[in-house]
Every structure is written in structure tokens, then in C-alpha cells.
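One structure is given below, encoded as C-alpha cells.
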Amino acid sequence: MHDVAIIGGGLAGLALSIELSSKGFDVVLFEKNHYPFHKVCGEYISNESLDYLAYLGVNLKMMGAAKIDRFSLSTSSGARMSTHLPFGGIGISRYTLDNALASISRSQGTTILENTTVLSAHDGKLETTAGDFSAKVVLGAQGKRSIIDKQLHRPFITTPLATEHNFIGVKYHVKADLPKDLIELHLFKNGYCGISAIEEDKYCLCYLSKASNLKPAMSIEELESNVLSQNPILKDYFSRFENLYDQPKVISQVNFQNKEKGNPSILFAGDAAGLIAPLSGNGMSMALHSAHLLQAEVVGHLKGQQDLNGALSNYTRQWNAAFGNRFSFSRWMQRAFFSEYFMESLVKTANIFPPLAQTIIKQTHGEAFFEG
Ligand SMILES: Cc1cc2nc3c(=O)[nH]c(=O)nc-3n(C[C@H](O)[C@H](O)[C@H](O)COP(=O)(O)OP(=O)(O)OC[C@H]3O[C@@H](n4cnc5c(N)ncnc54)[C@H](O)[C@@H]3O)c2cc1C
């Protein structure tokens, strides 16, 4: 029997595995894909996570991460505003970052089973495509939506998704001629598209659109030329940036919800514990921060200092204190960003009164959460 079994090897699962393995626990992690692999993500990480990533052993400088400290926004009509990013962040692909974390985790002693899907988890017993396993503690870091959420009958997955809350996400890596220290956000009807530099002179172009924008039989290409390209800046970018993949990465059925943080037999971190609108640019930092909070409670449990119910209630309290306000704000912000009239007025006002933009951005970024 393992001390800890982790479902999912994204940022939350890998951070948990590194922290727990490095403290001497026997950890097994299941990842349904094979590293390295691409993910739909804007690949901008706020600076609040840098100290923690360094503590985990990630050398972002050596990986060629881009340093980003300016922000620019355009409305659907192409009206623009730009500002300094009060906290700033870095650009690094998930292909590179997740792969580096997986290598670190293995070197700390984690058993990582790739190409392995967890099909069910109950009372410390896991059924996977590589056989059955058991662990004293099971942690769910399976991301936004997984087969395991269905098996666990989690409320967010059993409730039918209202059309207006159903989104698709699309990502490309492109060659572009944009400044490397700038993250751009371009609005279109019922969606927004971010673009910013990552490693190796590449840029990540990633957008989120209400699924209702994609009419029956409409292709992603048609969505881009009919809907996104109504923003003249996006029209220009789609016409001249070179795509570095044959096909974009696409995910569907994305919905932004706070979720329960666990039950007496499994505790959740990252998107599995709550999915924040990417507009706030901080889901990755939340995944890492939540993993850091959760591992401390798991250590307390494995050392016999608390039962799993105690760990769950402590973790839930800390999660709400760390992210509750940011979560509510980002929901409000996403609704506001879909109102064309509101956004045209906001951009006009922010151009006349620049501190307004800074005040809004500050609500979306947190303070550094790790002190070494
Ligand atoms: C369009 C879009 C753009 C975004 N842009 C940004 C951004 O720029 N900056 C930012 O900070 N955040 C962004 N986010 C959010 C960010 O991507 C997530 O918050 C972050 O990836 C969460 O990490 P995680 O480890 O919880 O989940 P994930 O990274 O999704 O990892 C979950 C892992 O679990 C694996 N898995 C799932 N089910 C199983 C199973 N049953 N068995 C085994 N393995 C399984 C998956 O393969 C996956 O690797 C964006 C999100 C979207 C949708």
C-alpha cells in the first residue's frame, strides 16, 4: 500500500507529488497522457508562484521563460488600452513546465505511471487502466473535468450545464512579431483571446469562447474567421501569424465553478477543487498554491496528527481564505467582459484615468504565497 496516490499529473498533482515524496512519503501518481504533452492554457503564470516553483526545483531562467510586465487590452471594435502589470508574470509552455516538474518528481522518488487513467477511487482503493492500487490517502488533481468526477458523482458534473456557462478553449503556439514583455487580451463577442511570449521565441495564442458561438457544423477555422476576426486586431493576427502545430489543441465543456474540496475518502487540488475564469490569468498559480496548502494537511494526517475529516475541514478553510474573494471577483469580471457596452466604456475611462486598470488587475493577482 502506498502512502499517497495522486490522480492527475498537471501542476497541482506534480507539486503535491514533489512535496510529499521529498518529505519521505511513498507516492504514486497516475497521468493519463505521456510527458511531454500540450495543454489548452494561456501559459502566463503570475509572479506569485515564482518562489514556489524555484522551491520545487524549477529553473525558469534556464528554460527560457519570458518575463512579462505589460498588459494591453482591445475591445471587439479594436479600441485599445495598455498598462504596466503591477505584479507581472512569466510565459512558459505547459509542454516544458509539466515535463520538468514530472522529472523533478521522479527524481524525488515518486512512481509516475503515464498513459494510465484512474477509473474509480473509493476508500483508498483505485481501479486504473494499469491495474488496482491502494493508498492511505487519495488526492484528486484531475483538472477541470474527468471520468473520475463522474464515477464520484460530483455535483458539478451531475448537474446539466446551462448553455451560457458552457465554454470551449483553443490554443496554438505561433511565431509572432510582438514584444516579449507584453501580454495582450483581445475581446470578441462572448469570448476573449490572449497572446503572450513563451520560451524559444514562440508565442502562446489561446482563446475562450462561449460554446454557443460555435454553430452546428461550424469548424474552428470558421469560428475564427466569422466571430474572432470581427476584432480587427485578431483578424490581422490570424492572417499573418504562423501556426506551429498542424491542428490547435481544443477542449470543450469548460465551465467555471467553485467545487467541494473533498470528502472523507479523497481531497482535491487545482482545477479539481475549483476552476477560475482564465481572464484572471491565475488558474496555474491557484493550482500550485492549493497543492502547497493541501500537502501540509496530508503530512499532518500521515503523521497521525489529524484524521482525514480534520484535514479536509482545515484545507477547505484555508482554500476559501486564499481564493474565495479572487474567485468571486473573476466571475463578476468575466460577466463584465462579455458586455460590449461596458468594455468600450471601461477602455475609454481607463485611457483617461490609468489607475483604474491597475486597480482591476490587482484584484486578479495574489501575493507570493511561498516563503523559503
Ligand atoms: C482557455 C484557458 C486558458 C487558460 N489560461 C491560463 C493562463 O494563462 N494562466 C493561468 O494561470 N491559468 C490559465 N488557465 C487555467 C489553468 O490552465 C488551470 O487552472 C491549470 O492547468 C490547473 O492545473 P491542474 O493541475 O489543476 O489541472 P491540469 O493541468 O488540467 O492537470 C490535470 C491532469 O490530470 C490528468 N487526468 C485527468 N483525469 C485523469 C484520470 N482519471 N486519470 C489519470 N489522469 C487524469 C490530465 O491528463 C491532466 O494532465 C487557463 C484555462 C483555460 C481553460
For [X] against [Y], the heavy-atom pair lying closest together:
| X | Y | value |
| --- | --- | --- |
| Leu14 | Gly9 | CD1-O, 3.3 Å |
| Met63 | Ala100 | CE-CB, 3.1 Å |
| Ala311 | Leu267 | CB-CD1, 4.5 Å |
| Val227 | Lys189 | CG1-O, 4.1 Å |
| Ala273 | Tyr315 | CB-OH, 4.1 Å |
| Met284 | Cys41 | CE-SG, 3.7 Å |

Checking Lys144 against Asp149 for the salt bridge (Lys or Arg N to Asp or Glu O under 4.0 Å) test, could you report, in this order, the C-alpha distance in whole Å, the side-chain angles of both residues, the deciding distance, and whether it holds? CA-CA 9 Å; Lys144 297 163 198 46; Asp149 294 312; over 6 Å; no
Quick one: list whatever passes ring pair (Phe, Tyr, Trp, His ring centres under 6.0 Å) with Phe156, sequence neighbours left out.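 If we apply the ring pair (Phe, Tyr, Trp, His ring centres under 6.0 Å) test to Phe156, skipping adjacent residues, there are no hits.
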Sequence neighbours excluded, which residues qualify as side chain to side chain contact (heavy atoms under 4.5 Å, CB included) partners of [X]?
| X | result |
| --- | --- |
| Gln151 | Ser120, Ile148 |
| Asn314 | Glu297, Gln306, Arg317, Gln318 |
| Thr111 | Val28, Leu113 |

Is there a side-chain contact (heavy atoms from CB on, under 4.5 Å) between Ser225 and Phe238 once you walk through the steps? CA-CA 8 Å; Ser225 57; Phe238 279 115; over 6 Å; no
Short question: side chain of [X], backbone of [Y] - any donor-acceptor pair under 3.5 Å?
| X | Y | result |
| --- | --- | --- |
| Asn243 | Tyr245 | no |
| Ser146 | Gln142 | no |
| Ser134 | Gly124 | no |
| Lys259 | Asp271 | yes |
| Thr158 | His153 | no |
| Thr110 | Arg106 | no |
| Asn47 | Phe87 | yes |
| Glu31 | Asn33 | yes |
| Tyr207 | Gly191 | no |
| Ser105 | Ala102 | no |

Pairwise distance [atom1]([X]) to [atom2]([Y]) - rounded to 0.5 angstrom:
| X | Y | atom1 | atom2 | value |
| --- | --- | --- | --- | --- |
| Ile195 | Ile233 | CD1 | CD1 | 11.5 Å |
| Ser196 | Phe71 | OG | CZ | 11.0 Å |
| Phe167 | Ser209 | CZ | OG | 8.5 Å |
| His186 | Leu234 | NE2 | CG | 6.0 Å |
| Met343 | Ser76 | CE | OG | 9.0 Å |
| Phe268 | Ser290 | CZ | OG | 12.5 Å |

With a 6.0 Å cut-off on ring centres, are [X] and [Y] close enough?
| X | Y | value |
| --- | --- | --- |
| His289 | Tyr52 | no |
| Tyr95 | Tyr35 | no |
| Phe327 | Phe323 | no |

Shared hydrophobic cluster, Val137 / Leu152 (ILVMFWY, side-chain heavy atoms < 4.5 Å):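 No, Val137 and Leu152 fall in different hydrophobic clusters.
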Hydrophobic cluster identity match, Tyr237 and Leu228, side-chain contacts under 4.5 Å: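 Yes, Tyr237 and Leu228 fall within the same hydrophobic cluster.
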Residue pairs passing the salt bridge (charged side-chain N to carboxylate O under 4.0 Å, His left out) test where at least one lies in residues 83-96, sequence neighbours excluded: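 Only Arg94-Asp98 qualify under salt bridge (charged side-chain N to carboxylate O under 4.0 Å, His left out).
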All pairs passing salt bridge (charged side-chain N to carboxylate O under 4.0 Å, His left out) where residues 1-21 contributes a residue, at least two apart: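 Salt bridge (charged side-chain N to carboxylate O under 4.0 Å, His left out) check on residues 1-21 returns Asp3-Lys136, Glu19-Lys23.
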Those residues that, when tested against Asp181, pass salt bridge (Lys or Arg N to Asp or Glu O under 4.0 Å) (two or more places apart):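 Partners of Asp181 by the salt bridge (Lys or Arg N to Asp or Glu O under 4.0 Å) criterion, ordered by chain and then number, come out as Arg70.
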Strictly by modelled atom types, are [X] and [Y] linked by a side-chain donor-acceptor pair under 3.5 Å?
| X | Y | value |
| --- | --- | --- |
| Ser74 | Asn231 | yes |
| Ser219 | Glu221 | no |
| Asp26 | His2 | yes |
| Thr96 | Ser93 | yes |
| Ser77 | Glu344 | yes |
| Thr128 | Thr116 | no |

Could Glu48 and Arg326 be called an ion pair, given the rule that one side-chain N must be under 4.0 Å from one carboxylate O?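 Here Glu48 pairs with Arg326 in a salt bridge, since their nearest N and O are under 4.0 Å apart.
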Which residues satisfy the side chain to side chain donor-acceptor pair (under 3.5 Å) test with [X], sequence neighbours excluded?
| X | answer |
| --- | --- |
| Glu43 | Lys171, His173 |
| Asp236 | Arg240 |
| Lys210 | none |
| Ser49 | Ser285 |

Show me the donor-acceptor pairs, under 3.5 Å and distance only, between side chains in residues 334-341 and residues at least two apart or in other chains.
{"from": "Gln334", "atom 1": "OE1", "to": "Tyr192", "atom 2": "OH", "distance (Å)": "2.4"}
{"from": "Ser339", "atom 1": "OG", "to": "Phe342", "atom 2": "N", "distance (Å)": "3.2"}

Would you indicate whether [X], at its atom [atom1], is surrounded by more than 12 heavy atoms from other residues, nucleotides or ligands within a distance under 6.0 Å?
| X | atom1 | answer |
| --- | --- | --- |
| Met1 | CE | yes |
| Lys150 | NZ | no |
| Lys249 | NZ | no |

